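Worth knowing before you read on, the calculation uses all heavy atoms, side chains too, and leaves out hydrogens, waters and symmetry mates. Here is the naming used below: chain letters follow the sequence lines, and residue numbers restart at 1 for every chain. In this text, all values refer to a predicted model and were calculated from it rather than measured experimentally.
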Amino acid sequence: MDLDARIRRRQRRNGDRRLVRNYESLSPVAHVEEPTGRGPTFERLLDHLDPVFDGNLPPNAYVHGPAGSGKSAVVTALFAHLRRLPTETRSVIQTSTRATSPPSPAFAYLDLRTTTSEFAFYRGVLGALTEESVPEHGISTDEVRRRLHARLGGSRTGVVIAVDHVDTAEGVDPGELRDRFAGLPSNVSWLAVGREDPEPAELAAYTATSVRVGRYPRQTLVDVVMARASTGLAPQALGHDLARRVADWADGDAHDALAALFAAADRAERDGRTRLADRDVAAAIDEVPRPSVSLGRVLALPPNEQLVLRELVDLDASERTSVTETTDAISASPAVDLSAGTVKRYLYEMAETGVVERVRSEGETGRGRPPSRIEFRFPPTVFRRLYDLGR
DNA sequence: GATCCACGGGAATACACGGATG
DNA sequence: CATCCGTGTATTCCCGTGGATC
């Protein structure tokens, strides 16, 4: 046998031993092409969007449901598919046998987690409509809006915009969002997605429909977990009983269920095992705070804030006894090129928005106002792994 | 030169405590 | 006893500046 063959065989064997085959399919923030078990929700959204198949715009709408109910999964998957429909500018090649369908509106998906400023909002819409890229600097917000109006002015069909994560906590308040919608041309229809029930009053006045998405039923969530495990892990790595346990604990929240699956897999992998054990799942469940902030939100934070969190997850509990101490430990890291003041401000801001939590330390009261320690509102090992994977 | 927005930095305010005051 | 006040921290708030990009 030649050396190459020996190496290949070794590679294969080690490959077979690997527990985690694909982190992407385990990640609670990755959305799949075909979400499991949300057929009825797709149907209701398609009912609402039905006019687009005749080349018309649907009315505005609001999609709402609790955390981890699959709103983003469904809407991103749906819009990814709808974007392939023939539009005015991009028509399909007609076959002689098929009746021609009218060009559909364009489709845009905006995530308010990353698209926070007014500038970014209009730029995002414009970007979805044009081939060439839109500048990020050196051009005013008004100019972007002008170009957007110019671009849509000549369009007969218009555009449907999904605006995900409409939520005061995400940083854009409903009143401001309403003003941004008002700045769009008239041949635009939007589909706002949020948790709040009922819909924020500022937007409700402009929507005709609302679509409610419920929590995942128990068995469906088991299926979701099993489906992700089957594409992300070695065969037979996750027993059905453990999937059920994760699903029971997650209580209809797919984000938390997948976060727990990820944490359990990460733990087993670090231990060099190829199957998830009871204790992996137990430890994982223990690590996911409830309620937890979505990892999607954490990973949408500006790079330097994520860097601060990345350092934070590596600190001992003893280095997290006060905000000042935590700040010092983080800003001392060679990887961090921020002033202590900025690190501290980030920590307070992230506590304010619920990414981390400040817990007033009890006991020995010294002089002055008592300090508080920083606790996670997300599973730290999952964040660490996803961050290190470069997402 | 124009523009956006991340950073830095510091002022203003809140809080806890204990001692002073009415 | 209830309230006020001073001190020392913690926390919040605000805005100017400058880097990066076009």
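Atom OH in A:Tyr346 sits about 12 Å away from atom P in B:dG9, given to the nearest Å. Atom CG of A:Asp142 and atom P of B:dT3 are 9 Å apart (whole Å).
Identified under the salt bridge (charged side-chain N to carboxylate O under 4.0 Å, His left out) test for residues 159-168 of chain A, with sequence neighbours left out: none. For residues 231-247 of chain A, the set of pairs meeting the salt bridge (charged side-chain N to carboxylate O under 4.0 Å, His left out) definition, not counting sequence neighbours, comprises A:Arg245-A:Asp278. For residues 199-214 of chain A, the salt bridge (charged side-chain N to carboxylate O under 4.0 Å, His left out) pairs, not counting sequence neighbours, are A:Asp197-A:Arg212. Residue pairs satisfying the side chain to side chain donor-acceptor pair (under 3.5 Å) criterion with at least one member in residues 253-263 of chain A, sequence neighbours excluded, are listed as follows: A:Asp256-A:Arg290, A:Asp256-A:Ser292.
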**Prompt:** What string of B, S and - do you get for nucleotides 6-11 of chain C, 5' to 3', when a contact is any protein heavy atom under 4.0 Å?
**Reply:** --BBBS
**Complete:** Letter by letter from the 5' end, nucleotides 15-22 of chain C scores (B base, S sugar-phosphate only, - none; protein heavy atoms under 4.0 Å) -----BBB
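Every residue two or more places apart in sequence or in another chain was checked for a ring-ring contact (aromatic ring centres under 6.0 Å, His included) with A:Tyr122, and none qualifies. For A:Asp50, the side-chain contact (heavy atoms from CB on, under 4.5 Å) test picks out A:Phe53, with sequence neighbours left out. The side-chain contact (heavy atoms from CB on, under 4.5 Å) test applied to A:Asp47 returns no partner, not counting sequence neighbours. Take A:Val134 and apply the side-chain contact (heavy atoms from CB on, under 4.5 Å) test, not counting sequence neighbours, and it matches A:Arg123, A:Leu126, A:Thr130. Residues meeting the salt bridge (charged side-chain N to carboxylate O under 4.0 Å, His left out) test with A:Glu349, sequence neighbours left out: A:Arg345.
In this structure, A:Glu33 pairs ionically with A:Arg84, as a charged nitrogen and a carboxylate oxygen lie closer than 4.0 Å.
Note on A:Ser339: only backbone sugar-phosphate atoms sit closer than 4.0 angstrom, heavy atoms only; bases stay farther off.
Of the residues in residues 114-128 of chain A, those placing a heavy atom less than 4.0 Å from an atom of DNA chain B are A:Ser117, A:Phe119, in numerical order.
One finds no side-chain N or O of A:Ser140 lying less than 4.0 angstrom from the OP1 or OP2 phosphate oxygen of B:dA2.
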